[in-house]
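Okay, so here's the structure we're looking at.
This one's a predicted model, so the numbers in the text were calculated from it and none came from an experiment. Labels below follow one simple rule: chain letters A, B, ... track the order of the sequence lines, proteins then strands, and each chain is numbered from 1.
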Amino acid sequence: MDFGYQIFHSQPGSRLMRYAISANRLRDGLVVFFAPGETWVEQLADARLFDAEAEAESALERARADEKKNLIVEAFVFAVKAGAQGPVANHIRDAIRATGPTVRRDLGKQAAG
Amino acid sequence: MLWKNGAFVDDPWRAIAEGEDPPPAGHVILPLDWWLQERDAFANSNAPIGLRVEPGVSIETFLQDLGRVSLIALSFPKFGDGRAFSTAALLRERHGFRGEIRAVGDVLLDQLQMMERCGFDSFEIKDPTVQRLLSERGAPAYSRFYQPGAGAEGQADGPRPWARKRI
Amino acid sequence: MYRYDEFDAGFVKERVDAFRDQVARRLKGELTEEQFRPHRLMNGLYLQLHAYMLRVAVPYGTLDSRQMRKLAHIARVYDKGYGHFTTRQNIQYNWPTLADTPAILDELASVEMHAIQTSGNCIRNVTADHFAGAAADEIDDPRPYAEILRQWSSIHPEFSFLPRKFKIAVNGAARDRAAIQAHDIGLQIVRDAQGEIGFAVYVGGGMGRTPMIATKIRDFLPVADLLAYTQAIVRVYNLEGRRDNKYKARIKILVHEKGAEWMRAAVEAEFAAAPRVGIELPAEEVARIKAYFAPPDLAPRAHSLAFEARRRSDPAFAAFVASNIAAHRMDGYGIVTISLKPIGGAPGDASADQMDAVADIAERYALGEIRVSHEQNLVLPHVALEDAPAVFDALAACGLATANAGLITDIIACPGLDYCALATARSIPVAQRISQRFGDTARARDIGQLKIKISGCINACGHHHVGHIGILGLERKGVETYQITLGGSGDETCSMGALTGPGFSSEEVVDAIERIVDAYRMLRTDESEDFLTAYRRVGMQPFKEALYETSKGADI
Ligand code: SF4
């Protein structure tokens, strides 16, 4: 059984660091990411990435408009890094949100691929 | 807006801020501290007086005034601060207070019946959505309870002494 | 077991209908998330890492086959084919949608279940000894009292917005299997000099950030006063408990800050002053509720030759009997623990198929009765030993015959960072790796009774403070780190574990546990001295040496 889980972690402000916005969809609670065109997508690979944290924070304001429209809840900005298969969340918590439970590889977003 | 007995009603009471002169005719709600300092000034007045009490204040502080005041406004700074539920219950069941107990502050639609069951009988509603929902369909009202409470209820059918139903 | 009457059914239906309405209002935007949150929590619905999570109460851990089948059905239709049994005698579904929740609650209501008050700052699901009604050492069945408390505390108008959550546990046997001293209120059933049943009342126990063992504030509370006295405790707490800091808001902090004497005096004064109308328990009413839990009519069964023969000839069955079958009050019967801790599995998880299988086995061999234990296992409380081989075979056929109840691989683990939004580290993978390391049955049996409990954050849902070995997952600079405590216990000798020292990385933690276990095996007087006894005899020092001599822990 594979319990390994690679933890990506680099210092904020690193040249490689980029930023994305995530939330949970109100209706089903599933993790979604803010995407180009101000829509929400289910895969981090399709998310809009921001080069600067400040840029992401200001986009967060627009993303939050969808909280008021009762589409999503709890939007927030998080850091990502480029990985071989696309962006990977920098912090383990965000990485698990973006993939699924590490103990059930058949569930969550990781199951879709 | 004031919700009372299942309807929005005109409020004969006015809340007075610290330092403001109360009108001699009364029907004013005074902050408790204000009242505690100035109550002697009302010694010869029959004007209806109400008190506004913040959570965390012991009833002992104004126990001697329960016969004098006609209304006690218990404040909910946040809807999650449930101390006033117990204060209301104590005012009714322990101290026999017969005046009006009013909920003021952050009051949720779905809390109204619980408040009523603790002895509240009027509710200051500030949230526009709650105002609209109340005017359209009234407060959510359950009909079965697992414990005795104040308000319009009686013993439920069946052997359980703690079960109550709405009348 | 308890059956709903028209009143109970009507009560639950009204609440489900109300929640359906609240969900509709939320989806239409008439309630903001902030306004909706208390309602969804009141109905057991959380927003977790990946999705919503619905926590369903199994009151005092008692279920029947029909209810278990419904839990399986919900897992299959509304979730992803499994559920997670928790340390609070609840079951959690990890993937329901908000829109489906009212339908799930309807399904639950159809088998007399609900999710009311499995969350929020109210009186939570009342828990009890999972061997209740069957144990050989029972003074009185705790479940009728837990049921009375469940009813009285349901949507209590005064106690639905307490400073924090509030947990009550009731134990009715000599052994404390309900960890009552680690609860906000712990009730231990006792008999007074006249032989009357009553309760010793403990207040202010709890785990979390500041673990505390409860204080006894009453030696004997008559049954009639159960609700009045509980009301007095909760009222004092509601008025006096701290609300300025959620980490200091549990009743244990109030008891700690004001002192046990103050608490006792305040509760007794409130108890003396409060009217009893409606909450005093008449003996006839207690008897009526008790009748629901009357011991089943078990015909005495002869000592079974088939059972003995199988035990002699089949070491796997013998191991199962040794660890998973406990003494029943009736000769010829046993209490079977169904371990939800397969080697390398996620503690407490059961698939829908396994739930159905347990329902079938219970129906066929155990009067359809099932229990959920706070140790995240299931229990068949009444099994004739004659049927034990058949039960064992049926369990083995669905992967549920792991012979490890109470052993080192019977690990408690909260969902941790794999599911939980509050987590600081994962707990399930650590449990899985420890389980694999000690997966050999002979080795686990040689180690003997050893409770490992793992929490993924300071909230301590994995009860690590009362683990003989406790593991707490934390985050240090973005990396998971694990602190170890030793010597905790949740039974009648309740103690909170002591920290060994610096924590360990995810890679190191299993080796660290092995070093502790090896040290214990060197230190024990003989095989009959279990880990906790040995620890209490020798203290922390030898374990510290074993842990830190060979490796340096991470700086924590
Ligand atoms: S202990 Fe922490 S991580 Fe584990 S379930 Fe509780 S809140 Fe979540």
- Message: Quick check on C/Ala421 against chain A: is it the side chain, the backbone, both or neither that has a heavy atom closer than 4.5 Å?
- Response: both

- Message: Please report the interatomic distance CG(A/Asp66) to CZ(A/Phe34), rounded to the nearest 0.5 Å.
- Response: 6.5 Å

- Item | Partner chain A: residue of C/Met53, C/Lys80, C/Glu33, C/His50 with the largest heavy-atom pair count (under 4.5 Å) | C/His50

- To the nearest 0.5 Å, tell me how far A/Leu44 CG sits from A/Thr99 OG1. 9.5 Å

- Give the intermediate values and the outcome of salt bridge (Lys or Arg N to Asp or Glu O under 4.0 Å) for residues C/Arg25 and C/Asp21. CA-CA 6 Å; C/Arg25 272 149 61 196; C/Asp21 178 55; 3.0 Å; yes

- Under a 4.5 Å heavy-atom cut-off, does chain C meet the side chain of A/Arg25, its backbone, both or neither? backbone

- Message: Restricting to side-chain contact (heavy atoms from CB on, under 4.5 Å), what partner residues turn up for A/Ala35, sequence neighbours left out?
- Response: A/Thr39, A/Val41

- Message: Between C/Glu475 and chain A, with a heavy-atom cut-off of 4.5 Å, which part of the residue counts as in contact: side chain, backbone, both or neither?
- Response: side chain

- Evaluate the side-chain contact (heavy atoms from CB on, under 4.5 Å) criterion for residues C/Phe19 and C/Thr101: first the C-alpha distance (whole Å), next the side-chain angles of each, then the deciding distance (0.1 Å), finally the verdict. CA-CA 9 Å; C/Phe19 188 58; C/Thr101 312; 3.7 Å; yes

- What part of C/Tyr82 gets closer than 4.5 Å to chain A, counting heavy atoms only: side chain, backbone, both or neither? side chain

- Provide the closest heavy-atom pair for A/Asn70 versus C/Gly29 in the form atom of the first, atom of the second, distance. ND2-CA, 3.0 Å

- Item | Per-residue contact mode, C/Ala346 against chain A (heavy atom under 4.5 angstrom) | neither

- Note on the structure: Whatever's closer than 4.5 Å to a heavy atom in chain A on C/Leu47 counts as side chain

- Does C/Ser435 have any side-chain contact (heavy atoms from CB on, under 4.5 Å) partners at least two apart in sequence or in another chain, and if so, which? C/Ile343, C/Thr409, C/Ile411

- So, the part of C/Pro96 with a heavy atom under 4.5 Å from chain A: the answer is backbone

- Message: With a 4.5 angstrom heavy-atom cut-off, is it the side chain or the backbone of A/Val31 that approaches chain C, or both, or neither?
- Response: both

- Side chain, backbone, both or neither of C/Tyr419 within contact of chain A (heavy atoms, under 4.5 Å): side chain

